[in-house]
Amino acid sequence: MRLRKKPGVREAMANYPKLVPQDAEQYKGKWREFFGNNNPIHVELGTGKGNFITTLAEQNPHINYFGVELHEEVLIKAVKKAEEKGLANIAFLWINIRELESYFAPAEVDRFYLNFSDPWPKKRHAKRRLTHNDFLKQYKKLLKAEGCIQLKTDNEGLFEYSLNRFAEELFLLKEITFDLHNSEYAEGNIMTEYEAKFVQKGMKIFRCIAAHPAQLAANFLENE
């Protein structure tokens, strides 16, 4: 679906400097200065209209959240949600996900969320999938050793592809479910706008946690 450019959206973003820092790159490695604390950092990649990330921020004031989104027409809706809720522990980066290393230092992020990313089903588009090895190498570098990636999708093909790519990059796979809403992990799950629609239609949601490879190594040593 092609998004329609709405006049004035880019200008409107400048009205929320505390939520959309215009000089965000200068905080790389020192986001504690922006938030005024040293709380954990959780980042949603492709935040859409922001229901997921703003709900998490509202429920967990002890965590600093980022919503990363390229499309300003969608991002402005998430920004306005955060503003309406009066959230002080969230910021939005209006960037391409490939640029993450310009905004976060190595081992600065505690958790990444990948929610209902575009599956890019054609083989020739595999490098665009957010769980392609190139992206996973980037996340691995930015995650703390005790950090992880949480993946949710309605696309079984993408889920199986992602599990294989996580394994190739030596992530430790945990909490794997092929039917989230009928699993032990359903309690406390925050739904995105897409997820709510999928669940209403009776579709299954696939979910897993991929922990930093350092944890796989630690588990191996413990079992030696």
Side-chain angles (χ1 to χ4, degrees), residues 39-48 52-53 55-56 60 63-69 93 96-101 103-121 125-192 194-195 198 203-223:
N39 290 340
I41 290 175
H42 289 195
V43 182
E44 184 183 21
L45 302 176
T47 204
F52 177 84
I53 201 73
T55 301
L56 279 180
N60 302 284
I63 295 174
N64 295 327
Y65 290 93
F66 285 88
V68 176
E69 179 61 53
L93 297 178
N96 190 304
I97 291 168
R98 296 184 187 277
E99 301 170 6
L100 283 176
E101 289 183 63
Y103 295 85
F104 296 104
E108 189 173 18
V109 178
D110 294 85
R111 177 172 292 211
F112 283 113
Y113 297 98
L114 292 173
N115 292 320
F116 304 94
S117 308
D118 193 326
W120 294 104
H125 293 152
K127 283 198 168 186
R128 299 184 184 183
R129 297 170 191 159
L130 295 186
T131 50
H132 184 272
N133 299 69
D134 291 347
F135 282 110
L136 294 185
K137 285 179 171 66
Q138 181 180 216
Y139 309 151
K140 194 190 308 185
K141 187 185 298 185
L142 301 179
L143 278 172
K144 293 181 179 177
E146 63 274 19
C148 68
I149 301 167
Q150 178 179 299
L151 170 69
K152 286 199 291 185
T153 179
D154 64 305
N155 189 288
E156 187 170 6
L158 177 63
F159 191 61
E160 292 178 352
Y161 170 89
S162 301
L163 293 178
N164 288 323
R165 300 295 82 74
F166 283 136
E168 287 177 0
E169 295 298 329
L170 302 180
F171 281 84
L172 175 61
L173 289 166
K174 304 188 293 185
E175 300 182 16
I176 301 171
T177 174
F178 286 76
D179 189 2
L180 171 59
H181 291 271
N182 288 303
S183 77
E184 61 186 297
Y185 309 117
E187 186 175 353
N189 175 61
I190 305 298
M191 289 199 286
T192 71
Y194 279 121
E195 186 174 357
F198 296 147
M203 297 169 64
K204 290 183 178 179
I205 304 300
F206 306 92
R207 175 190 176 275
C208 74
I209 298 289
H212 191 283
Q215 296 173 51
L216 180 64
N219 276 14
F220 178 78
L221 291 174
E222 285 178 8
N223 295 323

- request: Decide yes or no for H212 and K140: does some side-chain heavy atom of the first lie under 4.5 Å from some side-chain heavy atom of the second?
  value: yes
- prompt: Any luck finding a side-chain donor-acceptor pair between E44 and N115 under 3.5 Å?
  reply: yes
query: So do I149 and L136 actually touch side chain to side chain, heavy atoms under 4.5 Å?
result: yes
field: Heavy-atom closest contact (S183 atom, T177 atom, distance)
entry: CB-OG1, 3.4 Å
- prompt: Are V43 and Y139 close enough that some pair of their side-chain heavy atoms sits under 4.5 Å apart?
  reply: no
query: Y194 versus D154: any side-chain heavy-atom pair under 4.5 Å?
result: no
message: To check you understand the geometry: which heavy-atom pair defines the closest contact between C148 and A211, and what is its length?
response: CB-CA, 3.8 Å
task: For F116 and F198, run ring-ring contact (aromatic ring centres under 6.0 Å, His included): C-alpha distance rounded to whole Å, both residues' side-chain angles, the deciding distance at 0.1 Å, then the answer.
output: CA-CA 10 Å; F116 304 94; F198 296 147; 5.6 Å; yes
message: Distance check, rounded to the nearest 0.5 Å: C208 atom SG versus K174 atom NZ?
response: 11.0 Å
message: Show the nearest heavy-atom pair for residues L173 and I176, with the distance to one decimal.
response: CB-CD1, 3.9 Å
task: Any chance you could measure L114, atom CG, to R207, atom CZ, to the nearest 0.5 Å?
output: 12.5 Å
task: Give the C-alpha distance, both sets of side-chain angles, the deciding distance and a yes or no for side chain to side chain contact (heavy atoms under 4.5 Å, CB included) between F206 and S162.
output: CA-CA 11 Å; F206 306 92; S162 301; over 6 Å; no
4.5 Å side-chain heavy-atom contact, K144 and I41: no
query: Which heavy atom in A210 sits nearest to a heavy atom in F171, and how many Å separate them?
result: O-CD2, 3.7 Å
- prompt: How long is the gap from CG on L130 to CG on D118, to the nearest 0.5 Å?
  reply: 8.0 Å
message: Just verifying a value: how many Å separate L45 CG and Q138 CD, rounded to the nearest 0.5 Å?
response: 8.5 Å
message: Apply side chain to side chain contact (heavy atoms under 4.5 Å, CB included) to residues R111 and I209 and explain how you reach the verdict.
response: CA-CA 10 Å; R111 177 172 292 211; I209 298 289; 4.2 Å; yes
- prompt: Quick check: does any side chain N or O of Q215 sit under 3.5 Å from a backbone N or O of G147, one acting as donor and the other as acceptor?
  reply: yes
Audit row: L93, F104, side chain to side chain contact (heavy atoms under 4.5 Å, CB included) steps and yes/no: CA-CA 11 Å; L93 297 178; F104 296 104; 3.7 Å; yes
task: Would you give the length of the straight line joining atom CD1 of I205 to atom CG of N189, rounded to the nearest 0.5 angstrom?
output: 8.5 Å
task: Using a 4.5 Å cut-off on heavy atoms from C-beta on, say whether the side chain of Q150 contacts that of H42.
output: no
- request: Enter the distance from L56:CG to I190:CD1 here, rounded to the nearest 0.5 Å.
  value: 5.5 Å
task: Give the C-alpha distance, both sets of side-chain angles, the deciding distance and a yes or no for side chain to side chain contact (heavy atoms under 4.5 Å, CB included) between H132 and R165.
output: CA-CA 7 Å; H132 184 272; R165 300 295 82 74; 5.7 Å; no
- prompt: Taking the six-membered ring for Trp, are W120 and H125 parallel (under 30°), tilted (30 to 60°) or perpendicular (over 60°)?
  reply: perpendicular
- prompt: Can you find a pair of side-chain heavy atoms, one from Y161 and one from P119, that are under 4.5 Å apart?
  reply: no
- request: Answer with yes or no whether the side chains of N60 and Y65 bring together a donor and an acceptor at under 3.5 Å.
  value: yes
- prompt: So, do V109 and L143 sit near enough that their side-chain heavy atoms are less than 4.5 Å apart?
  reply: yes
- prompt: Where is the tightest heavy-atom contact between K152 and M191, given as atom of each residue plus distance?
  reply: NZ-CA, 4.4 Å
message: Does K204, at its NZ atom, have more than 12 non-hydrogen atoms belonging to other residues, nucleotides or ligands within less than 6.0 Å?
response: no
